[in-house]
Amino acid sequence: MRVVAIDGPSGAGKSSVSRIVGEKIGFLHVDSGALYRILTWQCLAAGVDMDDPEAIAAHTARVEIECRPENGRIAYYVNGEQPGERIRTPDINANASKVAREKPVRDYVTSLLRGMVKYGDLVVEGRDITTAVFPDSPARFYLTASAEARARRRQKEEVDKGIANQSTEAVKASLLARDAIDSTRKYAPLKKADGAIEIDSSDLTLDEVVELVMNALPEDWKYL
Ligand code: DC
């Protein structure tokens, strides 16, 4: 079982880098944030009070997420449907960290993630993959970038995908609010793991970041 683990704050480029590295080495891409987003989406759809930790824990425990390896990644299904862009809205951005800070929610997602090794080798991105979910991986990265660079990328992505059309300032405020909760929460907060390789992508192209990651992988993981 081989796992490339990539953590970092919102908008640092984890998804693009993980997808491309996964394609290059034939490892399945796993977006762990999407699991927290799905649970947030389900809570919001059911009208759960997002300031009530017990209600969040009770509702998320009932959500069944089916994981299937598909087209180089692990795809998620809820009631037979993929959530798609429904989990990328500003409302979910604003509430996901409240769901992700709850211990029962983290335990649920962590066990789903660890179970995915049965599908093959993985590139897993998130906030606690290098510190808590797969801390023993020999390939652990902390990908970061300035708040300005991260907000610019996210804003463009939202416009390109037709998800929202917010100002870069509004996107930046939302990212920083989420990062603040994610990095100060009690359970598995976002932080750079000891021994993880830090890459600041503020002034790097996507190809350059991918190359840095590829160069740092164990030699026998680099080829398909
Ligand atoms: O990466 P993202 O923006 O899709 O993550 C959504 C939320 O889930 C965000 O608040 C961070 C949280 N998250 C987490 O706590 N642990 C992970 N491994 C991945 C995401």
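What you see below is based on every heavy atom in this structure, not just the backbone, and it leaves out hydrogens, waters and symmetry mates. We number each residue from 1, following the sequence as shown. Ligands are counted one by one from 1 in listed order, and the atoms in each one are counted from 1 as well.
Under the 6.0 Å distance and 45° angle rule, R101 does not count as a cation-pi partner of Y187.
Checked options L113, L122, I6; the residue passing with I129 is L113 (criterion: side chain to side chain contact (heavy atoms under 4.5 Å, CB included)). When each of S201, S10, S16 is paired with R153, the side chain to side chain donor-acceptor pair (under 3.5 Å) condition holds for S201 and for no other.
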Side-chain atoms of residues 29-39: list all donor-acceptor pairs with protein atoms under 3.5 Å, sequence neighbours left out, distances to 0.1 Å.
{"from": "H29", "atom 1": "NE2", "to": "E125", "atom 2": "OE2", "distance (Å)": "2.9"}
{"from": "D31", "atom 1": "OD1", "to": "G33", "atom 2": "N", "distance (Å)": "3.1"}
{"from": "D31", "atom 1": "OD1", "to": "A34", "atom 2": "N", "distance (Å)": "3.1"}
{"from": "D31", "atom 1": "OD2", "to": "R88", "atom 2": "NH2", "distance (Å)": "3.1"}
{"from": "S32", "atom 1": "OG", "to": "E125", "atom 2": "O", "distance (Å)": "2.6"}
{"from": "Y36", "atom 1": "OH", "to": "R106", "atom 2": "NH2", "distance (Å)": "3.2"}
{"from": "R37", "atom 1": "NH1", "to": "I87", "atom 2": "O", "distance (Å)": "2.9"}
{"from": "R37", "atom 1": "NH1", "to": "N93", "atom 2": "OD1", "distance (Å)": "2.9"}
{"from": "R37", "atom 1": "NH2", "to": "N93", "atom 2": "OD1", "distance (Å)": "3.2"}

Tabulating one pair per line, provide the atom names and distances (0.1 Å) for every N/O atom of ligand 1 that is less than 3.5 Å from a protein N/O atom.
{"from": "ligand 1", "atom 1": "1 (O)", "to": "R127", "atom 2": "NH1", "distance (Å)": "2.9"}
{"from": "ligand 1", "atom 1": "1 (O)", "to": "R127", "atom 2": "NH2", "distance (Å)": "3.3"}
{"from": "ligand 1", "atom 1": "3 (O)", "to": "R37", "atom 2": "NH2", "distance (Å)": "3.0"}
{"from": "ligand 1", "atom 1": "3 (O)", "to": "R127", "atom 2": "NH2", "distance (Å)": "3.3"}
{"from": "ligand 1", "atom 1": "3 (O)", "to": "R178", "atom 2": "NH1", "distance (Å)": "3.0"}
{"from": "ligand 1", "atom 1": "4 (O)", "to": "R37", "atom 2": "NE", "distance (Å)": "2.6"}
{"from": "ligand 1", "atom 1": "10 (O)", "to": "D182", "atom 2": "OD1", "distance (Å)": "3.2"}
{"from": "ligand 1", "atom 1": "10 (O)", "to": "D182", "atom 2": "OD2", "distance (Å)": "3.1"}
{"from": "ligand 1", "atom 1": "15 (O)", "to": "R106", "atom 2": "NH1", "distance (Å)": "2.9"}
{"from": "ligand 1", "atom 1": "15 (O)", "to": "R106", "atom 2": "NH2", "distance (Å)": "3.3"}
{"from": "ligand 1", "atom 1": "15 (O)", "to": "R185", "atom 2": "NH1", "distance (Å)": "2.7"}
{"from": "ligand 1", "atom 1": "15 (O)", "to": "R185", "atom 2": "NH2", "distance (Å)": "3.0"}
{"from": "ligand 1", "atom 1": "16 (N)", "to": "R106", "atom 2": "NH2", "distance (Å)": "2.9"}
{"from": "ligand 1", "atom 1": "18 (N)", "to": "S32", "atom 2": "OG", "distance (Å)": "3.0"}
{"from": "ligand 1", "atom 1": "18 (N)", "to": "R127", "atom 2": "N", "distance (Å)": "3.1"}
{"from": "ligand 1", "atom 1": "18 (N)", "to": "D128", "atom 2": "OD1", "distance (Å)": "2.8"}

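Checked against side-chain hydrogen bond (donor to acceptor under 3.5 Å, both in side chains), E81 has the following partners two or more places apart in sequence or in another chain: R86.
Applying the salt bridge (charged side-chain N to carboxylate O under 4.0 Å, His left out) test to residues at least two apart or on different chains, the pairs with a partner in residues 48-62 are D51-K98.
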